[in-house]
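This structure is a prediction, so every number in the text was calculated from the model and none was measured. Computed over heavy atoms, backbone and side chain alike; hydrogens, waters and symmetry mates excluded.
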Amino acid sequence: MSIRTYPAAVLRKKCEPLTAIDSFEKKLFSDMAAVMYEVAGIGLAAPQVGVTKRVIVLDCDSGILKMANPRLIRKRGDSSMEEGCLSVPKRYVTIRRADEIKVSYLDEKGRELTNFFSGLAARIIQHEIDHLNGKLIIDYLSWYKKIFQKRGE
């Protein structure tokens, strides 16, 4: 399993929801976590490893969190922060995101959970959900910056 980088087509695909958590999905969670730790990442979405399923993993110092079919229910507050991405190496984009979110998802045991997240965890989850919808950090750039980025400046 390896990280796909832009412009890999899989990064632009909208991912399919899971209907159940079986042995394939459990292995996917584990493999994704291993890859994330191996490359010193803090979050990873399935399309970043070539799988078009709605699965993400993250760890922002509070332990590994594995989510299938994550869905934002509520957002509150906002702040801007520079973000990087394993699939868009050496590029950083300032992105405005919600500070606090409420998310519904399936855990690795197939249980439906709803939790609140704030700070870095909220930002990572929103970033990874973008991946599940085929959206990358470079999509947040203004048209002017996109022109210069295409020229390599």
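Just one residue in the list Gln126, His127, Arg91 forms a side-chain contact (heavy atoms from CB on, under 4.5 Å) with Glu83, and that residue is His127.
Both Phe29 and Val51 are part of a single hydrophobic cluster, where members link through side-chain heavy atoms under 4.5 Å apart. Both Val88 and Leu11 belong to a single network of hydrophobic side chains, linked directly or stepwise wherever heavy atoms of I, L, V, M, F, W or Y lie under 4.5 Å apart. In the hydrophobic cluster analysis, where Ile, Leu, Val, Met, Phe, Trp and Tyr join through side-chain heavy atoms closer than 4.5 angstrom, Ile138 is grouped apart from Tyr92. Val39 is not connected to Val10 by any chain of hydrophobic side-chain contacts under 4.5 Å among Ile, Leu, Val, Met, Phe, Trp and Tyr, and they are in different clusters.
Nearest approach of Gly43 to Leu86, heavy atoms of both residues: O-CD1, 4.0 Å. Heavy-atom minimum distance, Ile64 versus Ala33: CD1-CB, 3.9 Å. Between Gly134 and Arg12, the shortest heavy-atom contact is O-NH1, 3.2 Å.
Clustering of Ile, Leu, Val, Met, Phe, Trp and Tyr by side-chain heavy atoms under 4.5 Å joins Met67 with Ile42, Ile56, Leu58, Leu65, Leu72, Met81, Ile101, Val103, Tyr105, Leu113, Phe117, Leu120, Ile124, Ile125, Ile129, Leu132.
Between the Asp139 side chain and the Leu136 main chain, a donor and an acceptor come within less than 3.5 Å of each other.
To the nearest 0.5 Å, atoms NZ (Lys27) and CE (Met32) are separated by 12.5 Å. With rounding to the nearest 0.5 Å, the separation of CD in Glu128 from CE in Met36 is 9.0 Å. Here Arg97 contributes atom CZ and Ser79 contributes atom OG; the two are 10.5 Å apart, rounded to the nearest 0.5 Å.
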Determine, stepwise, if the pair Arg123 / Cys60 fulfils side-chain contact (heavy atoms from CB on, under 4.5 Å). CA-CA 10 Å; Arg123 181 165 292 275; Cys60 56; over 6 Å; no
Stepwise, does the side-chain contact (heavy atoms from CB on, under 4.5 Å) test hold for Tyr37 with Asp59? CA-CA 9 Å; Tyr37 289 131; Asp59 187 345; 2.5 Å; yes
Stepwise side-chain contact (heavy atoms from CB on, under 4.5 Å) test for Tyr140 and Lys135: CA-CA 9 Å; Tyr140 287 92; Lys135 189 171 186 175; 3.5 Å; yes
Start with the C-alpha distance between Arg54 and Asn133, add both sets of side-chain angles, then the distance that settles side-chain contact (heavy atoms from CB on, under 4.5 Å), and finish with yes or no. CA-CA 9 Å; Arg54 296 189 74 79; Asn133 294 321; 3.1 Å; yes
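A side-chain hydrogen bond (donor to acceptor under 3.5 Å, both in side chains) check over residues 65-77, counting only residues at least two apart or in different chains, returns the pairs Lys66-Glu108, Arg76-Glu100.
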Could you pull out all donor-acceptor pairs under 3.5 Å where a side-chain atom in residues 16-23 meets a protein atom, sequence neighbours excluded?
{"from": "Asp22", "atom 1": "OD1", "to": "Phe24", "atom 2": "N", "distance (Å)": "3.0"}
{"from": "Asp22", "atom 1": "OD1", "to": "Glu25", "atom 2": "N", "distance (Å)": "3.4"}

Side-chain atoms of residues 2-9: list all donor-acceptor pairs with protein atoms under 3.5 Å, sequence neighbours left out, distances to 0.1 Å.
{"from": "Arg4", "atom 1": "NH1", "to": "Ser2", "atom 2": "O", "distance (Å)": "2.8"}
{"from": "Arg4", "atom 1": "NH1", "to": "Val49", "atom 2": "O", "distance (Å)": "3.3"}

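The salt bridge (Lys or Arg N to Asp or Glu O under 4.0 Å) check on Asp99 picks up nothing, with sequence neighbours excluded. When the side-chain hydrogen bond (donor to acceptor under 3.5 Å, both in side chains) test is applied to Glu112, the partners found at least two apart in sequence or on another chain are Ser104.
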